[in-house]
Amino acid sequence: MSPLPVSFSWGASTAAYQIEGAVAEDGKGASVWDTFSARPGAIRDGHTGEIACDHYHRHTEDVALMKDLGLDSYRFSVSWPRVLPEGRGRVEPRGLGFYDRLVDELLAAGITPTPTLFHWDLPQALEDEGGWLNRDTARHFAEYAAVVAARLGDRVTRWITLNEPFVHMVFGYAFGTHAPGRALMLEALPVAHHQLLGHGLATAALRAHAPAPAQVLIANNCTPVRTPEGATDADHAAAAAYDALHNRLFTDPLLLGGYPDLSAYGLTDPTWGGVVRDGDLTVVGAPLDGLGVNYYNPTWIAAPTVETGLPFDILEPDVAVPGRSYPRTAFGWPVVPDGLTELLTGLDARYGAALPPVWITENGCSQTDRPSEGGEIRDEARIDYLRTHIEAVETAHARGVDVRGYFTWSLLDNFEWAEGYHQRFGLVHVDYGTGRRTPKASYHWYREHIAQARRTAP
Ligand code: FCB
């Protein structure tokens, strides 16, 4: 396998609500996740992010783990309501101070801080005004970006605006299985445009307010769309419709300056009924310094067999590809490393010169990791997962895709949204009773991998 260049960046990712805890400390305002997780039945077993990994108090220990791991970069998210408790206006200096110290600790450890400004924890005060259904939220997001950039931007040079606007729209606003818990189905579409507009406005704000040059990325959830064996024309049309919604809706306007054809969803008016206004697409399409790609698995799509109101059916892989049984993670997600090569080379083929450098901003798996009697966590399946997915990145790189870095999800076991603490994604095991961190076998493997990649890189 052709090795990745010495400049290739090795990282790990987390997100504020999933690890920090301290949800009401130092003046932090409520987020939609505080509200949602208090709703009976919303989260498996009633778990909440109240304590999570207690990273807010244990960040020094966590940075020491990252340093020992040999990370080049660490992707974390800034909690908007920690910095602006009402979502706009008044800045909470203690909240901002937390990230200021974290950035200094990372830099002292030789790690490039890579903050994401929005990883789903919208200030509740803004949700009360309509959240991302309200166009004004995009403007408030840019104001918040300017505040963070002015404080951290002398030391932070790589920023990520949004995390997975697709997943946030679908789970948060279309199905209601994530915060803010709204089940609007296709009426949720304005959430896509308002997030992308927020991304564009925040991009300009970061570049204007950060004292040092700001590289700006967005982290999209991307999936290669596959069709079943013996697919019909109707299956291919369904796959194209799904691809438009999951992938192109979030990359075409960023890279090509316009939305894909959404007529399969009954949307033929280019303004989406007045949602997309004059000049918006120029803001959204501001040049990016990199595209963040979060990859978990491909999606198999066929023509709908029953009337669901959607122009596709999502198939289980075993149904789509009879006789082929993919390994599954504890979440039940199929493990398909070559899907990552397919995704990266597919982006390159689709966008060509318009594709900026790519960063894998999330990739990882949940497993049922339990300490053995000797206290070790032998997560061999995670090691296989990481090794094969990193090889898939190497293959894409060898085929000419300009991929610059790999962040695994996640550094620590953490609060996995609607699943609560049931899915463990970390390289480091967290005992939620005591907060105790135990590096798993995968942590030691990744550490050795990074060191070796550095030694042998061209
Ligand atoms: C992604 C999210 C991340 C984590 C992983 C497993 O969709 O961005 O926060 O939950 O899935």
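Order of appearance sets the numbers: ligands from 1, and atoms from 1 within every ligand.
- The aromatic ring centroids of W272 and Y259 lie less than 6.0 Å from each other.
- Heavy atoms of H119 found under 4.0 angstrom from ligand 1 belong exclusively to the side chain.
- In summary, the side chains of T341 and T395 do not present any donor paired with an acceptor at a separation below 3.5 Å, with no hydrogens or angles considered.
- Looking only at heavy atoms of the protein, atom 5 (C) of ligand 1 is closest to Y296 OH, 3.3 Å.
- Polar contact check, W333 against ligand 1: no nitrogen or oxygen pair lies under 3.5 Å apart.
- At the top of the distance list for atom 7 (O) of ligand 1, counting protein heavy atoms only, stands E164 OE1, 2.5 Å.
- A ring-centre distance under 6.0 Å is not found for H422 and F331.
- Considering backbone and side-chain N/O of E416, one or more are found under 3.5 Å from N/O of ligand 1.
- Any N or O atom pair closer than 3.5 Å counts here, and E362 shares at least one such pair with ligand 1.
- Residue-ligand proximity, W417 to ligand 1, at heavy-atom distances under 4.0 Å covers atoms 3 (C), 4 (C), 9 (O), 10 (O).
- Ring to ring, F76 and H55 are not that close: their centroids are 6.0 angstrom or more apart.
- V167 does not count as a contact of ligand 1, since none of its heavy atoms falls under 4.0 Å from the ligand.
- Two rings, from H140 and W80, have their centers 6.0 Å or more apart.
- Atom numbering of ligand 1 starts at 1 in the shown order; those under 4.0 Å from a heavy atom of N163 are 8 (O).
- Nearest to atom 6 (C) of ligand 1 by heavy atom, out of F415, Y17, F425, is F425.
- Across every non-hydrogen atom of V430 and R437, the tightest pair is CG1-NH1, 4.3 Å.
- Test R158, R207, Q215 against D289 for side-chain hydrogen bond (donor to acceptor under 3.5 Å, both in side chains) and you get one pass: R207.
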